[in-house]
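Every chain is numbered from 1, with letters handed out A, B, ... down the list of sequences.
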Amino acid sequence: MPTFQAPRGTADRLPAEQKYWRYIESHATGVARRFGYGRIDSPMFEDAGLFVRGVGEGTDIVEKEMYVFEDRGGDQLTLRAEGTAPVCRAYLEHGMHNQAQPVRMYYLCPVFRYERPQAGRFRQHHQFGVEAIGDGDPSVDAEVIELAWTFIHGIGLSDITLLTNSIGDAQCRPEYIAALKSYYEGQTSNLCPDCRQRLGRNPLRLLDCKVETCRALGEEAPKSVECLCAECQIHWDRVRSYLDAAGIPNRVDHRLVRGLDYYTRTVFEIQPAVEGAQSTICGGGRYDGLIEQLGGRPTPGIGFGSGIERLALNLRRAETSVPDEPSPRYLIATIGEDARVEGVRLASRMRNAGVGAILANGGRALRGQMRQANALAVAATLIIGEDEVRDGTVVVRDMQTSSQETVPVDQFLQQAAG
RNA sequence: GCGAGCAUAGCCAAGUGGCCUAAGGCGCCUGUCUGUGGCACAGGAGAUCACGGGUUCGAAUCCCGUUGCUCGCCCCA
């Protein structure tokens, strides 16, 4: 017999860990609602071209991480590789520019990338993300960042750092990159081999290299916020002052650059205090060129994505207390076949009345059924034997106090439902 | 895509070439207790020792390959 296991980089989410997910999701939807964001669910797969165009041809995601397949009709499709491009596609497809701007949306969905799995990284992971499309005002930047901050604080992760930066726009970024390049070109002998490669392809990436000598060079390198054009400068100053007004502490990190091509101006990340390679739990930024890139009129937008697996990992690490999933309070134990029938009847009536009930494994002696009640940690066990069947009663045993009383079935139902 | 470590029952694990037809613990099931849990005691089920090949009289144990997992790099959430 062949055996199967979950595909590499994927994981079963077992009942025992569901509480973390329910907890995170309910906080996410709650925060989104308070900020006025409406939920959007887009398809799990899209036209492959959407991501190629949206995320950028040279990015790792497009170059080597997308799940691309051809369907039976010959269309090239891609499992959702990222959250923002599909939302922008929907914005265009449904003419959302006719709604009040910005259009505020959030999503909670799986994302697929073909990567080497490791701590906090999977081939299928899940993101909570928001997008505010159609208004380039810096107050929207601050709003989105505040939403992220509020969300992560709300789930109980308080030892976190918000990093911000501005990487300019189509006007000023080329100049900045040129400045950066010429700075590093004078230092090539001090660069690590990786960085020498990056210099040609993606100079921004030199900034976040971890090699000691490169780090030192990065400290001295030209900073993007020093090369902003006038508009970007004003935008950046306002974002910062709005963040101050909202009381959101943040640290400007000149080395913060993001790997997706579409980012402009404001970029940000939230990091937990615990060191780890895959530590970023939230990342986002402004993408004012993306909608146009996808065939729409120039439309500003900003958003973030937050990895739920990483959030859950951090909740566990921080030993944050997370409420248990509600489970039935009652287990029904029966003795004999006649009682069994009554047990089935009672369970059914209870559930119809909105009361949770589990029928014990009837093949076992009462003793075994009681053990089961204990293992399932129910609040009370309902026992039905010959006497109870005859009298139309049920024994209600409180598992905590070990006290029990015999009550008429109807009376019990009324009490339990009320 | 690159580098490193690991792989024994559902989980944790002993075992480092021959009393291994594989210890122990958790969990599960049964009994002690004919209709009453948590404790204790007794018993039971559950393992092609990841897979394939090799070395050897003999392999869970040594070697090679494959697969998987974990960790790091790259990148990202």
Side-chain angles (χ1 to χ4, degrees), chain A residues 1-11 14 16 24 55 58-65 81-84 108-129 148 152 192-195 197-198 201-202 205 208-211 257-260 269-272 275-284 303-314 331 333-336 339 360-361 363-389 395-404 406:
Chain A
M1 275 285 276
T3 61
F4 297 102
Q5 52 188 163
R8 182 151 208 221
T10 69
L14 302 176
I24 292 168
V55 179
T59 59
D60 276 17
I61 292 183
V62 169
E63 254 178 18
K64 46 189 194 192
E65 296 176 356
E82 185 265 342
T84 301
L108 225 25
C109 64
V111 173
F112 305 86
R113 287 182 207 156
Y114 188 84
E115 300 186 272
R116 264 312 258 284
Q118 58 185 271
R121 196 171 69 190
F122 310 91
R123 289 186 174 178
Q124 178 183 179
H125 77 279
H126 299 75
Q127 287 191 19
F128 163 55
I152 289 171
C192 71
D194 279 345
C195 280
Q197 294 243 321
R198 283 191 267 245
R201 295 186 43 131
N202 194 350
R205 286 255 87 97
D208 61 358
C209 182
K210 272 128 201 142
V211 177
V257 294
R258 312 222 69 241
L260 284 59
E269 270 182 20
I270 293 177
Q271 311 256 359
E275 289 290 318
Q278 258 54 61
S279 54
T280 301
I281 51 179
C282 177
F304 70 77
S306 185
I308 299 180
E309 282 83 356
R310 290 186 188 174
L311 293 171
L313 182 76
N314 278 281
L331 178 129
T334 62
I335 307 147
N361 182 334
R364 297 153 82 162
L366 181 58
R367 175 183 186 68
Q369 299 183 53
M370 293 301 295
R371 277 189 181 152
Q372 211 177 354
N374 196 61
L376 293 172
V378 293
T381 303
L382 309 177
I383 303 166
I384 304 174
E386 259 178 62
D387 299 349
E388 290 74 26
V389 171
V395 173
V396 182
R397 180 180 179 84
D398 185 306
M399 299 302 283
Q400 202 83 126
T401 63
S402 291
S403 64
Q404 62 184 50
T406 304

Starting at atom CZ of A/Arg121, determine the distance to atom C1' of B/rC74, rounded to an integer number of angstrom.
8 Å
Whole-angstrom distance between B/rG3 and B/rC75, as gauged at atom C1'
16 Å
With a 3.5 Å cut-off and heavy atoms only, can you find an N or O donor on one side and an acceptor on the other between the side chain of A/Thr381 and the base of B/rG37?
no
Please confirm whether any donor atom in the side chain of A/Gln400 sits under 3.5 Å from an acceptor in the base of B/rG38, or the reverse.
no
What's the gap between B/rG72 and B/rG31 when it is taken at their P atoms, as a whole Å value?
49 Å
Separation of B/rG1 atom P from A/Arg116 atom CZ, nearest Å, is 8 Å
Separation of atom CD in A/Glu115 from atom C1' in B/rG3, rounded to whole Å:
17 Å
For B/rG38, give its Watson-Crick or G-U wobble partner with both distances under 3.5 Å, or none.
none
Candidates A/Arg123, A/Glu65, A/His125, A/Gln124 - the one meeting side-chain contact (heavy atoms from CB on, under 4.5 Å) with A/Phe112:
A/Gln124
Using OP1 and OP2 only, check whether a side-chain N or O of A/Gln118 sits under 4.0 Å from B/rU70.
no
Watson-Crick or G-U counterpart of B/rU67, or none if no pair lies under 3.5 Å
B/rA7
Base, sugar-phosphate alone, or nothing: which one does A/Glu386 contact when heavy atoms must sit under 4.0 Å apart?
base
Please determine, for B/rU16, whether a Watson-Crick or G-U wobble partner exists with both distances under 3.5 Å, and give it or none.
none
Integer-rounded Å distance: B/rG37 C1' and A/Gln372 CD
11 Å
Pairing partner (Watson-Crick or G-U wobble, both distances under 3.5 angstrom) of B/rG72
B/rC2
Under 4.0 Å, heavy atoms only, any strand: does A/Ile281 hit a base, just the sugar-phosphate, or nothing?
sugar-phosphate
If we take the P atom in both B/rA23 and B/rA45, what is their distance in whole Å?
12 Å
If the P atom of B/rG25 is compared with that of B/rG44, how far apart are they to the nearest Å?
13 Å
Roughly how far apart, to the nearest Å, are B/rG37 and B/rC33 at atom C1'?
12 Å
Could one point to a donor on the side chain of A/Gln404 or the base of B/rU36 with an acceptor on the other under 3.5 Å away?
yes
For a 4.5 angstrom cut-off between non-hydrogen side-chain atoms, does A/Arg8 reach A/Arg116?
yes
Determine the contact category for A/Glu63: base if any of its heavy atoms lies under 4.0 Å from a base atom, sugar-phosphate if only primed atoms, P, OP1 or OP2 are that close, otherwise nothing.
nothing
Looking only at atom types and distance, does a side-chain atom of A/Glu82 sit under 3.5 Å from a main-chain N or O of A/Val55, one as donor and one as acceptor?
no
Greater than 12 external heavy atoms within 6.0 Å of A/Glu386's CD:
no
Using the P atoms only, state how far B/rU48 lies from B/rC39, rounded to an integer number of Å.
30 Å
Has the side chain of A/Arg367 got a donor or acceptor that lies under 3.5 Å from a partner of the other kind on the base of B/rU32?
yes
Quiz question: going by heavy-atom distance under 3.5 Å, is there a donor-acceptor pair between the base of B/rC75 and the side chain of A/Arg113?
no
Taking atom P in both B/rC62 and B/rG17, what distance in whole Å separates the two?
8 Å
Distance check, P atoms only: B/rA42 and B/rU67, in whole angstrom units.
47 Å
Could you tell me the separation between the CZ atom of A/Arg364 and the C1' atom of B/rG44, rounded to a whole number of Å?
14 Å
Does any nucleotide pair with B/rG43 by Watson-Crick or G-U wobble geometry, both distances under 3.5 Å, and what is it?
B/rC29
Hey, does A/Phe304 reach any base, or is it just sugar-phosphate, or nothing, if we go heavy atoms under 4.0 Å?
nothing
